[in-house]
Structures are given as C-alpha cells and as structure tokens.
Amino acid sequence: MIKKRLEECLDQCFSRGVERGLWSETARESYAVEVPKHEGQGDYATNMAMVIAGQEKKATGKKVNPRQVAKQLVELLADHGELFAEIAVAGPGFINFFMKPAVWQAVLPVVCAANESFGLAAEKNNKRVLVEFVSANPTGPLSIGHGRQAVLGDTVSRLLEAAGYEVEREYYYNDAGRQMRVLGESTRARYLELLDLPAEFPEDGYQGEYIYDIARELIAEKGDSLRDVVEVTPFKEQAERAIFKDINATLERLGIHFDRYYNEHSLYEEGHIDDVVAGLRAKGLVYEKDKAVWFKTTEFGQNQDRVIIKSSGEPTYRLPDIAYHREKFKRGYDWMVDIFGADHIATVPDVLAGIRALGYDDSRVTVILHQFVTLMRDGKQVKMSTRKANFITVDELLDEVGPDVMRFFFLMRKADSQLEFDLNLATEQSRDNPVFYVQYGHARLASIIRKADEQGLRAGKISDADLGLLVEPEEENILKAIAAYPALVQQAAHDLEPHRIVFYLQELAGLFHSYYNKHRFISEDRELTMARLWLGQGLRIVLGNGLRLLGMTAPDKM
RNA sequence: GCGCCCGUAGCUCAGCUGGAUAGAGCAACGGACUUCUAAUCCGUAGGCCGCAGGUUCGAAUCCUGCCGGGCGUACCA
C-alpha cells in the first residue's frame, strides 16, 4: 500500500520532468520500484534514472549520466516531505528512499479496521474467471498427483477471489471412454468372483481393493441378479457412482467444492462435437487420410498434423477438449485457467490451436502445468501406478497428516517444480514441520491477546494508542511486512502463484517469533503495552488471513 | 530425434517484468526457558547459481550451444 503511493509520486515526477524537457515520454512504464536486498539501501529503490538515461542515449545518441538524472529526479520529488525521511542517490544511479517511521506505523489502523478483509481487493473487478482442475475420470480414488492439482486449483481460485474476480470452479470428466469400459469389466469380474462364479479379469483391469468394495455393494443391493448380464453398463454405472462419491468425500475433507461438474458426454448430445468438426472443415483445416480425420495443426506451428477422429469413428481426446473449451468461450468468461498435470502437455497446443482455428482468442486461456509429485518414504522414492493400485491415495495421506499439512506441503513449491513429498516429515508432525511454525505463530499471538484481555488491557481504540512508540527495528520490519501483504496477494493472484503466500507467511511468522523472544508485549509501560498489543493484533490478522487464503485453519491454541 | 519443465549451500527449495555484497528451512556445530505457549529464539559454518559463449552500464534471471534429470512426442486420456 505504501509502494503504490511511492509509485504514484514517481509517476508525477516523471511527467514533470517531461514537461520541463529533461527527458522524453518513452521511458515511462519500464522502470521498477523494488525493495532492496541490503540494508542501507533504503526501504525502496528505483532504477528510474538508469532507465531514463538508457532511453535518452538510444534516442539522441548522446551519453547521459544516470546519476545526473537521479539528482534531477530527487529535486522534483522534494515536496513529498510527509513520506520520506531521506532520499539518496547511490551506486550507478539508483535512488534509495528512506520512509518516515510514521508511514509504517500508519498501516496498523488500516489492518485492524479491515480485519478479515485486509488483503482482499477493495472492489470486485467485474471479471469472470473459470478455473478447471482435478478433472479426473472416475476410475479410482484420487492419487497424490490429483491432490496437488486439487489444492493448487482451489488455492488459485481463492487467490483470484481475493483479487476481486468472480470465480467458478469446474471439474471436467468423461464416463464414456475405454477406461470406463475397463472399469466396468473389472467390476464385473470381481462381482462374479465374489459370487464364486467363473470370471475373467481384464488384462489391463483396475486391480485396486476398492473394486471389491464396489462389487460387494452391488451384491448387497442386487444379489446375483446380474450374473448373466452381458452389458457392462450396470457395473460401470455402479462403479462410477461409488467412485465419484469417494472422490467428493476426499475433496470435501480438503474443503474443496466445485461449482459445476461438466460431463464430456453432453458435448456429444448437444452436437458440439460435430459442430466443431464442421467449423474446422469449413476453414479447410481438416482432411481425411487412412480413414481417419486429421486436424492441420501444422498450420499452427506444430511439426505434425493430429488425428481428431479415429478410423473407428471415435473421436480422440483432442476433439472433445477443443469443443469443451469452445463452450467455455461461449459462456463468456474473461479468463480461463486450466490446471493440468505435466503428462497432459501434449493436449495444450492442440486445444489452443483448435480454439484459434475457430476464431477465438486463445490468450484468454492460461494453462498451469504442474510437475509430478515424488513421494519419499525413509529417503527412498515410492513408485506408483494407478492401475496396479500400489499408490498412496489422497485419502490415506489425509488420515495421516490432515488437510492443513497437506495443503501447505502441496503449495510449498511452484507448479513448475517437481514436488518432493516427504512422508516421514509430513506424518511425524515434528517441530521441523513448517506448517506448525506458521500456525504456532498465530496461536501464540492469540494467546497473548487472551492474556491481555484477562488483565483488562486493550480497552481503548487504536486511535488512542501511541503507535509512534513502535520504533524498534524489529517492529519496523514487521510493519513493513504487514504493509506489503495486499500487494503480494494481488501479485500472486495475477501470476497464479500461491507458493508466494506460503513463503511470505513463513517469513512473517519468523519475524514475529524472533521479536517475541527479544521484546515483551505486556510490560509495566502501559502506553508501550497498548501500542504493542495493536501490533500483535495486526500480526495475528495478517497471519490468519494468509492461512485462510490458503484454505488452512488459523488456530487460537495449539 | 523433436517439444515442454527443471538444474542455485550436504538435502529440499525461494529469488517479483535483468539491478547494487545470491537467500530461507532442514541437517552439522555452539548457546538461551524464575519472563506473554521452547512446536520458539540467538550464533557459527556452508556457493565458479550445471558447463561454455553472447546481449549491456549490469545476468542466477534474456539469447545460442552442450551436459544431466523429469514429462510428453498415439487412430490412450
């Protein structure tokens, strides 16, 4: 919030320089304001002078001294004395800004007044965004990889909501294809097996224990009445119902809810599949070869064309995916975010090409591809396979670590990175676990505030407290960190990067724990106590808001 | 072979649209509980940012090539 004010200042300054003919308009927007890494370089720094000097050199061919430009800028800034304690030109031409302590202290009343809405966008931006994630076909329980995706998708959604978007969460699935047929056959085989009837288990069938559970339910409901049924449908449907129920129960445990489940089937029923093919055909982008229908993806920069309808007459996955995305466009979203596992990378260019071919703007689609999760136990990698069912499910993991730990662990890495999930660390609930570090900070603060309430402190309003007493370096650092929170949320939302919130919370908790061990909140000094209690309140609010933003709990006691 | 992602401290990873002297946690070592929760804190040590070039005032960050790991490269999804 302070940074924004500084940026506005600098923008004005820039304009005034243009008016006076000191430099030209071209350098606007391309300079940066950032927090320097090292102490002594101020609270903020800008490379503005160097950027201007570079631009001027390019435009006029004459050498311009960045430090000279910096000095001119500083002169133009002179009348903002209420913000700055000191402004210095340093190094090759950086301008370092040292803010007055009162600037930082002033964030506290804002935080306390906003409370749980601190960090949320002040107003809705009237933009609708669709987030598609999980989208696992109902062939078995959610695996760890799905878990990462579920948590990532839900948290991205929460971030976007915090940034003022209207968000819809959607789950796309297919209960028609080959996979589901094999699932039905697997169920039938188990059903017959349990009835002591001859059964042939499909070669590539689903071997998980859960298939037996489904078969048992079927026997409980229908006895052996299905023993001679040739159709696989009743088995498939039973399995689908049971598995979806299971998946939803798992998602529920993680606090994840979808606004819509979109069945691929409806794309066929409503004619969208045929329609897409016709649309592509009309543009001359499909052709027949070897009895299959091909989409000219080479026209969109790919190295080979792709089959969209097999010689058997069945579409490949690409076609419904394209049709589905076209339906999303028709629904009129401003932004569509897809979250896929890295194994789906091949579909992305095809879908985007299809969308562009049909005349839509594919830049409104952002695909987050997350890398795989490697599960580590006792320092060794656990190999997993869905079909053979030797994988750890999200449910099993939740039994061991609970939703808070799981969410945090899945968000600790950026999506691009492979994520190493250390089962020992996550399940031990040891003190090394960073989840507790942050939550403990919140609980500790809540405890202090309880204590203060018991002693009848904290009666007054924040406007009665003398926040000017918060002058310790640790206090100033905490205030700065708090002030940075709203911009961080907006940036993390914009970049779809929840891991930044995770890192921020660890850092903020660290600042607090460190401060706690050095200074006392409650002391003989009544005025100082009041000021520090408000600081504690501000900290508690931000830690709590951050945790909840990640879908976690912020405990008052631990 | 081709495409995408990754390569940063012993391990797991941050590093915002290029910025000043590269960071955190864990592990290692040494300290701190008559004090608001020790699930905490303080200190020490640890680095040719995979390698080689290039772009420029300035590169972990951008470009090219190579090396190593992952995922794709289906008329599977």
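All of these numbers come straight from a predicted model, not from anything done at the bench. Throughout, protein chains are lettered first and strands after them, A, B, ... in sequence-line order, and every chain is numbered starting at 1.
One cannot find a donor-acceptor pair under 3.5 Å joining the base of rA20(B) and the side-chain atoms of Asn47(A). Checked by distance alone, Asp343(A) brings no side-chain donor or acceptor within 3.5 Å of a matching partner on the base of rG72(B). Remark: the Ser417(A) side chain and the rC6(B) base include no donor-acceptor N/O pair separated by less than 3.5 Å.
Residues Glu497(A) and Arg500(A) are paired through a salt bridge, judged by an N-O separation under 4.0 Å between the basic side chain and the carboxylate. A salt bridge between Asp362(A) and Arg356(A) is present, with a side-chain N of the basic residue lying under 4.0 Å from a carboxylate O of the acidic one. Glu132(A) has a carboxylate O that lies under 4.0 Å from a charged side-chain N of Lys328(A), or vice versa, which qualifies the two as a salt bridge.
Nucleotides rA14(B) and rC62(B) have their P atoms positioned 15 Å apart, rounded to a whole Å. Rounded to the nearest Å, the gap between the C1' atom of rU61(B) and that of rU73(B) is 29 Å. For rG65(B) and rU21(B), the C1' atoms lie 31 Å apart once the distance is rounded to whole Å. For the C1' atoms, the distance from rG53(B) to rA9(B) is 27 Å, rounded to whole Å. Comparing the C1' positions of rA45(B) and rC2(B) gives a spacing of 46 Å, expressed to the nearest Å.
Residue-level contact check: Ser311(A) touches the bases, meaning some heavy atom is under 4.0 Å from a base atom. When heavy atoms are screened at a 4.0 angstrom cut-off, Ser447(A) is found touching base atoms of the nucleic acid. Note on His38(A): a base of the nucleic acid sits closer than 4.0 angstrom, heavy atoms only. At a threshold of 4.0 angstrom between heavy atoms, the contacts of Ala342(A) are confined to the sugar-phosphate backbone, with no base atom among them. Among the atoms of the strands shown, none is found under 4.0 Å from any heavy atom of Ala53(A). Looking at heavy-atom distances under 4.0 Å, Asp556(A) makes contact with a base.
Nearest-nucleotide positions on RNA chain B place Met412(A) closer to the 5' end than the other of Met412(A) and Ala292(A). With the nearest nucleotide of RNA chain B identified for both Ile449(A) and Lys289(A), Ile449(A) has the one nearer the 5' end.
Taking the side chain of Phe372(A) as heavy atoms from C-beta on, and the options rU40(B), rA20(B), rC71(B), the nearest nucleotide is rC71(B). You'll find that the side chain of Gln41(A) is closest to rA20(B), out of rA20(B), rA74(B), rA77(B). Among the nucleotides rC36(B), rA20(B), rG72(B), the one closest to the side chain of Phe521(A) is rC36(B).
Going from atom CG of Leu369(A) over to atom P of rC4(B) covers 12 Å, rounded to whole Å.
Evaluation of Phe503(A) against the base of rA24(B) yields no stacking contact (centre distance < 5.5 Å, interplanar angle < 30° required).
Note on ring orientation: taking the six-membered ring where Trp is involved, the planes of Tyr171(A) and Phe258(A) are perpendicular (angle over 60°, cut-offs 30° and 60°). Relative orientation of the Tyr516(A) and Phe521(A) rings is tilted, given thresholds of 30° and 60° on the angle between their planes. Classified by interplanar angle (parallel below 30°, tilted 30° to 60°, perpendicular above 60°), the ring pair Phe14(A)/Trp23(A) is tilted.
Taking the syn range as angles within 90° of 0, the glycosidic angle of rC33(B) is syn.
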